[in-house]
Amino acid sequence: MPELPEVETTCKGISPIVGSKIKHIIIRQPKLRWPIPPALSEFKNLIVKKVSRRAKYILIHTDQGAFIIHLGMSGRLCLIKQGLTAAKHDHVDFILTNNRLLRYTDHRRFGSILWSDEDPLNHRLLCELGPEPLSRSFNGQYLFKITRTKKTAIKTTIMDQKIVVGVGNIYANEALYLAGISPIRKTQSLSLEECQALVKAIQKILKRAILQGGTTLRDFLSADGKRGYFKQKLQVYGRQGELCFSCTKILSSEKIGQRMTVYCRTCQK
DNA sequence: ATAATAACCTGAGGGC
DNA sequence: TGCCCTCAGGTTATTA
């Protein structure tokens with residue numbers, strides 16, 4: 001599923017809709033993570049003012065309010081021509097002018113499409129999120145300070161959207177490997193220097209992945225239907241049992257917080 | 001208050 | 001073929 005780089009790629013991909021009109025919305029399946037507000041099927045002629053991202057949420061700002069879209073584990077937004085028949089998991093179409101439409105597809109339905117009349121950043125799901133990982137407010141000092149009493153594994157901590165947003169399972173694994181920190185370390189055991197190294201690693205990994213258009217494992221495609229190419233750069237994720245590219249020892253794996261975790265016992269301390 | 005886990009879904013792949 | 005199990009880019013609600 002989409003983590004920050006995939007959501008960022010999607011935002012860039014759908015940004016051509018800015019300035020155009022959403023004539024109406026077709027909802028085939030309203031049962032997502034949260035029900036799609038029924039009012040959306042009554043909406044007519046909204047002008048798209050801006051597309052932005054907060055955490056893993058895509059915000060489509062219009063003259064009447066904002067759509068808040070989360071892609072969950074398997075969601076995707078594609079900007080396509082009208083007339084293509086909808087497949088099984090094509091749950092929502094935003095019908096646009098110029099014979100285009102924005103199609104939301106999500107076979108597991110863990111994503112969501114919500115509506116906010118006012119500033120979407122004040123929405124209950126968005127108002128308590130942590131800092132953006134690529135902003136200055138996410139730095140080593142901050143991470144060190146906020147984690148002094150945290151006893152959970154550091155991997156779980158960096159995936160906690162209240163601590164920092166945008167990091168999911170793939171990039172948590174990759175960032176910890178790059179930082180040389182074991183994912184099973186108790187969070188509060190990290191030194192200031194380690195927090196600084198981890199922040200830098202998270203930022204580096206996310207920036208690189210954005211440049212590659214994200215990671216496509218199964219479902220993810222950008223708005224123009226292209227795959228993300230960061231998969232070829234993954235150092236540990238999905239490589240359990242294979243050899244560490246650095247020390248050539250076998251990569252370990254275990255579940256942390258119900259999520260598959262892969263790391264090198266030699267390179268990560 | 002914090003931390004572990006159950007739940008929401010569908011589909012693919014492996015073992016038998 | 002088919003059944004049963006495990007696994008998958010996330011997040012919230014519930015339980016301990």
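Proteins come first, then strands; the chains are lettered A, B, ... in the order of their sequence lines, and each starts at number 1.
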>> Roughly how many Å apart are B/dG11 and C/dT11, using the P atom of each and rounding to a whole number?
In response: 22 Å
> Is A/Asp106 touching bases, backbone alone, or none of the nucleic acid, heavy atoms closer than 4.0 Å?
Replying inline: nothing
>> My understanding is that only one of A/Gln240, A/Gln268, A/Arg265 makes a side-chain hydrogen bond (donor to acceptor under 3.5 Å, both in side chains) with A/Ser252; could you say which?
In response: A/Arg265
> On a whole-Å scale, what distance lies between the P atoms belonging to C/dT6 and B/dA6?
Replying inline: 13 Å
>> Less than 3.5 Å apart, any donor N or O on the side chain of A/Thr261 or A/Lys155 sitting next to an acceptor on the other?
In response: yes
> For the pair made of CZ in A/Phe110 and C1' in B/dT10, what is the distance, rounded to whole Å?
Replying inline: 8 Å
> Rounding to a whole Å, what distance do you find between A/Glu3:CD and C/dT11:P?
Replying inline: 9 Å
> In whole angstrom, what separates A/Glu6's CD from C/dG10's C1'?
Replying inline: 12 Å
> Quick one: does A/Asp119's side chain have a donor or acceptor within less than 3.5 Å of a partner on A/Leu121's backbone?
Replying inline: yes
>> So, OP1 or OP2 of C/dG10: does either fall under 4.0 Å of a side-chain N or O from A/Lys56?
In response: yes
> Once you round to the nearest 0.5 Å, how far does CD1 of A/Ile202 lie from OH of A/Tyr171?
Replying inline: 13.5 Å
> How many Å lie between OH on A/Tyr104 and P on B/dC9, as a whole number?
Replying inline: 14 Å
> Atom CD1 of A/Ile154 to atom C1' of B/dA3: distance rounded to whole Å?
Replying inline: 15 Å
>> Using modelled atom types and a 3.5 Å cut-off, is there a donor and acceptor pairing between side-chain atoms of A/Asp63 and backbone atoms of A/Ile47?
In response: yes
> Rounded to whole angstroms, how far apart are CG on A/Asp160 and P on C/dT11?
Replying inline: 10 Å
> What about A/Arg109, does its side chain sit under 3.5 Å from the base of B/dC9 through a donor-acceptor pair?
Replying inline: no
> Paired stems touching DNA chain C, three or more consecutive Watson-Crick or G-U pairs with both distances under 3.5 Å?
Replying inline: B:2-8 with C:10-16, B:10-16 with C:2-8
>> For B/dG11 and A/His89 - does any side-chain N or O of the residue sit under 4.0 Å from the phosphate oxygens OP1/OP2?
In response: yes
>> Regarding A/Lys31, tell me which of base, sugar-phosphate or nothing describes its non-hydrogen contacts under 4.0 Å with the strands shown.
In response: nothing
>> Considering every strand and a 4.0 Å limit on heavy-atom distances, what is the contact class for A/Lys255: base, sugar-phosphate, or nothing?
In response: sugar-phosphate
> Is it true that A/Asp224 and A/Lys226 make a salt bridge, defined as a side-chain N closer than 4.0 Å to a carboxylate O?
Replying inline: yes
>> From C-beta outward on A/His107, which listed nucleotide comes closest to its side chain: B/dC9, B/dG11, C/dT12?
In response: B/dG11
> So what does A/Leu32 hit on the nucleic acid, given a heavy-atom distance under 4.0 Å: a base, only sugar-phosphate, or nothing?
Replying inline: nothing
> Does A/Gln258 or A/Lys150 map to a spot on DNA chain B nearer the 5' end, using the closest nucleotide for each?
Replying inline: A/Lys150
>> Nearest to the side chain of A/Arg259, heavy atoms from C-beta on, is which of C/dT12, C/dG10, B/dA3?
In response: C/dG10
> On a whole-Å scale, what distance lies between the P atoms belonging to B/dT5 and C/dC7?
Replying inline: 15 Å
> Roughly, in whole Å, what's the span from NZ in A/Lys151 to P in B/dA1?
Replying inline: 16 Å
> Looking at the side chain of A/Arg124, which of C/dG10, B/dA3, C/dA13 is the nearest nucleotide?
Replying inline: C/dA13
> NA contact type, A/Lys88, heavy-atom cut-off 4.0 Å: base, sugar-phosphate, or nothing?
Replying inline: sugar-phosphate
> For A/Tyr177 and A/Ser246, does a side-chain donor sit closer than 3.5 Å to a side-chain acceptor?
Replying inline: no
> So, is A/Gln161 near the phosphate of C/dT11, with a side-chain N or O under 4.0 Å from OP1 or OP2?
Replying inline: yes
>> Between A/Arg108 and B/dG11, is there a contact of a side-chain N or O with OP1 or OP2 at under 4.0 Å?
In response: no
>> Tell me the interatomic distance from A/Met159, atom CE, to C/dG10, atom C1', rounded to whole angstroms.
In response: 8 Å
> Which one, B/dA3, B/dC9, C/dA8, comes nearest to the side chain of A/Met73?
Replying inline: C/dA8
> Between the side chain of A/Arg54 and the main-chain N/O of A/Leu59, is any donor-acceptor distance below 3.5 Å?
Replying inline: no
> Donor-acceptor pair, A/Glu6 side chain versus A/Thr215 backbone, under 3.5 Å?
Replying inline: yes
